[in-house]
Amino acid sequence: MSEYAITRGDVFGGLTAGVVALPLCLAFGVASGLGAAAGLYGGIILGIVASLVGGTPVQVSGPTAPMTLISAGVVVANTLPTGQVNFSSVFAVFLLAGALQVVFGIARLGRYVRFLPYPVISGLMTGIGIIIIIQQIFPVAGLESPSSNPVAILRSLGSLQHGVNPGAVLLAAATVALAFLLPRIVSVVPPSLIALVALTIIAAVFGLSAPTIGDIPGGLPHFIVPGFDFADPKLIITAAFQLAFLGSIDALTTSLVADNITRTHHDSNRELVGQGVGNMAAALFGGIPGAGAFMRTAINIRAGGRHRSSGVIHGLFLLTVLLGLSSVVRYIPHAVLAGILISAGLSIIDYRSLAHLSTAPRADVALMLLVVALTIFTDLITAVGIGMIAASLVFMASVAGIMEQRTKLTLVEDEPWADEVEIPDDLKSRLLIKHVDGPLFFGFAQALRKISSEVADGKLLVLRMERVSYMDQSGIYALQDVLVDLEAANLRVLLVGLPQSQIDRLEAMQVVPNLVSRENVFDKFETFRRELPQIIEKLG
C-alpha cells in the first residue's frame, strides 16, 4: 500500500491529532509573542508539508514547547522600543532556521542524533519544561510578562503583589487541574480541549475579567516577505541555528519513538528536509516554527494513523477551525492558555531521571543537572555544547579506566596467548609482554607510565597491539610520551601487531624511528617470534 494512502485509521488519527493540537497551537502562538493565529498557521502549514515531504509517515508536526521558547526570544530581540515587532526580521530568522534544517538533511547529519547522551537530552527537556512554567507566572496572574528570560521573570516576582487578577488565577488553576484529572475519567476527548472550551464558556457566562486573546485574522494567511536586519548578524545566525538544531533533535527523537511503536524505520535525513521545508513555508505565511510533536504523533498512531495522509488531515482540521471559528477563538482567556502551557511544561520534565538522582551513576546525574542549570541560566546551544563536552570527558575517562583494567602487564610465561606458548622457555624469561586491548587515546598514557619501574633485569618489553581497535593523533602522542619514559630508563621496546597503515602513521609523526627503531616494529607476531632469537642475541 502506498505511504500516501488514506484509510479510516488515518482519518481518525489525523482528526484526533488535530483536536489535540488546536489548544496547543493557540497557546504556543500566544507564548511566542506573535499571537494565536501564528500558532495555527504554523500547525497547518508545517503539519501538512512535513507530512508530505518528511521521512516519518506517521509523524504529526506543529508548534512545540522547545521551539516556541526560542521563537519568543527571537520576537523579543526584534521588538522596537515602541513595542512594535519587526515581523520581517522575525520571519527571516524562522526562514533561515528551516533552510539550515534542509542543509542538515542534505548533509546527512540525521544519523548523528543517536550520539546525544541521554543525560544531555534529559537535562535539556527538564530545563525547557521549567522555563516554560516560569514564563507563565505573570499570565496566570492575569498580567503581561515583563520578559521572556526566566531569570528576569523571577527577579520581577515582587511586582505581582500589586495587581493579581483572581479570575485569571482561578481559570489557570482549573485548567491545570483538568489537564491532570480528566484523563482518569475521559479518554476520548483531549483534556486540554475540554478545559479550553469549558473554561472559556464559564469565563464568558460569569463575566470573569481575565484578559482574552482578542481578535485573530480570519481567512487564509498572507504571504510575508522576510528581510534580514544585518545590524547584528551574530544574533540572527545564533537564533536560527538554535531553532534548527533544537527542532532537528525534537523531530528525530519523536521519529525514534514512532519507530518503536509502529515497528518501522524512518529516514532521518529526509525527515530533516521535510521539517526544514515545512518551517520555511510556515515562515513565509506568518507561522511559528515547530517540529515533530511527540504527544500528537503518539495519539495519531494509537488512533490508527499509518500513512502521511493522517498528518495532512490534522493540518486540514486546523485550517477548518481557522476559517470557521476564528471569531469564537477571540474569547479564550490568556490564563487558560497559560494553564495549558504549564501542563505542557510539566509533561516534558524527565521525571524518570529525577526519580533516579540518588541511584543513577553520579557522573550522569551531575551532567543532567549541569545541562538543566545551563538551559535555564544561559541558552540551549550553550547547554547542549557544554553538556556534550562534559559527556565526552566522562566517556573518555571511563574508557581509560576500562582499558587500564583490561590491559595487564604480565610475564609471558604466566598468561600466554596461544601463539606465545611456542616461544622457547629460555627466551620467555627475557620477555615482558603487554597486551594492549581497546582504543588508544590520551587516557592510555596513564595506564602505561608505571611500566618503566616494573621492567628490569635486561628484559625486553613487547607491546602486542593487534587488538588496538582505534588510534588517533592523541593516541599516538600518548604512546610517544610512554616511549620517552621508557627510553629514559634505558629499556628496549618492541611494537608488535600494528597494521601497516598505523606503522606508516607512526613513521610520519617520527615516533618511528626516533623512539623505536624500524627493526623493532613488527606487523605480525609470527615475524617477531621467528626473529626473537636474533633479537635476544643482540641484547646480550
Side-chain angles (χ1 to χ4, degrees), residues 25 27-36 38-39 42 46 63-81 83-101 123-139 144-156 226-250 279 282-283 286-291 337-338 341-342 344-345 348 371-386:
C25 287
F28 289 140
V30 172
S32 73
L34 295 174
L46 175 61
T64 61
M67 295 294 278
T68 302
L69 181 63
I70 303 298
S71 299
V74 174
V75 173
V76 170
N78 288 277
T79 300
L80 303 176
Q84 183 179 1
V85 178
N86 185 344
F87 293 103
S88 180
S89 293
V90 168
F91 290 109
V93 174
F94 295 168
L95 182 69
L96 178 59
L100 285 173
Q101 285 186 292
L124 187 66
M125 292 299 104
T126 298
I128 289 172
I130 293 172
I131 291 175
I132 289 172
I133 294 169
I134 293 173
Q135 288 179 336
Q136 305 316 308
I137 294 175
F138 280 83
E144 184 176 351
S145 185
S147 172
S148 62
N149 184 286
V151 178
I153 292 173
L154 293 175
R155 288 175 177 172
S156 303
F228 289 104
D229 181 2
F230 291 101
D232 193 350
K234 180 180 178 181
L235 180 63
I236 293 172
I237 296 173
T238 301
F241 186 81
Q242 285 182 339
L243 284 168
F245 180 74
L246 192 60
S248 300
I249 294 175
D250 211 356
N279 280 323
I288 62 174
L337 296 180
L341 288 172
I342 289 174
I348 65 174
V371 175
V372 170
L374 290 172
T375 300
I376 295 172
F377 296 106
T378 59
D379 59 76
L380 302 183
I381 296 300
T382 300
V384 173
I386 294 179

Q: Looking only at non-hydrogen atoms, find the nearest pair between Ala239 and Ile70 and report the distance.
A: O-CG2, 4.1 Å
Q. Which heavy atom in Val75 sits nearest to a heavy atom in Thr79, and how many Å separate them?
A. O-OG1, 2.6 Å
Q) Rounded to the nearest 0.5 Å, how far does OG1 of Thr382 lie from CZ of Phe377? A) 14.0 Å
**Q.** Spacing of CG belonging to Leu341 relative to CZ belonging to Phe28, to within rounding of 0.5 Å
**A.** 5.5 Å
**Q.** Validation row: Leu96, Phe241 side chains within 4.5 angstrom (heavy atoms)
**A.** no
Q: Rounded to the nearest 0.5 Å, what's the gap from CG on Leu243 to OG1 on Thr238? Could you check?
A: 11.0 Å
Q) For Ala338, which residues count as a side chain to side chain contact (heavy atoms under 4.5 Å, CB included) partner, sequence neighbours excluded? A) Gln136, Pro139, Val140
Q) Are Ile132 and Ile348 side-chain neighbours, meaning at least one heavy-atom pair lies under 4.5 Å? A) yes
Q. Hey, what's the ring geometry for Phe91 with Phe87, parallel, tilted or perpendicular (30° and 60° as the breaks)?
A. parallel
**Q.** Atom of Ala72, atom of Ala31 and distance for their closest heavy-atom approach
**A.** CB-O, 3.6 Å
(Q) Ile153 vs Ser145, test: side-chain contact (heavy atoms from CB on, under 4.5 Å). Steps then yes/no. (A) CA-CA 7 Å; Ile153 292 173; Ser145 185; 3.8 Å; yes
Q: Could you pull out all residues at least two apart from Thr64 that satisfy side chain to side chain donor-acceptor pair (under 3.5 Å)?
A: Asp250
Q) Just by modelled atom types, is the Gly227 backbone N or O under 3.5 Å from a matching donor or acceptor in the Ser89 side chain? A) yes
Q. At their closest point, which heavy atom of Ala244 faces which heavy atom of Leu100, and how far apart are they?
A. CB-CB, 3.7 Å
Q: Please report the closest heavy-atom contact between Pro226 and Ser88, naming both atoms and the distance.
A: C-OG, 3.4 Å
Q) Is the shortest heavy-atom distance from the side chain of Leu46 to the side chain of Asn279 under 4.5 Å? A) yes
Q) Once you round to the nearest 0.5 Å, how far does CD1 of Ile288 lie from OG of Ser32? A) 4.5 Å
Q: Calculate, to the nearest 0.5 Å, the distance between atoms CG and CD1 belonging to Asn78 and Ile236 respectively.
A: 7.5 Å
(Q) Just so I know, are the side chains of Leu69 and Gln135 near enough to count as touching, which here means a heavy-atom distance under 4.5 Å? (A) yes
Q.
With a 4.5 Å cut-off on side-chain heavy atoms, are Leu235 and Val93 touching?
A. no
Q.
Rounded at 0.5 Å granularity, tell me how far OG in Ser156 sits from CG in Asn149.
A. 9.5 Å
Q: Considering non-hydrogen atoms only, spot the tightest contact between Ile128 and Pro66 and give its length.
A: CD1-CB, 3.6 Å
Q | Residue list, side chain to side chain contact (heavy atoms under 4.5 Å, CB included) with Ile376, at least two apart or on another chain | A | Ile130, Ile131, Pro150, Val372
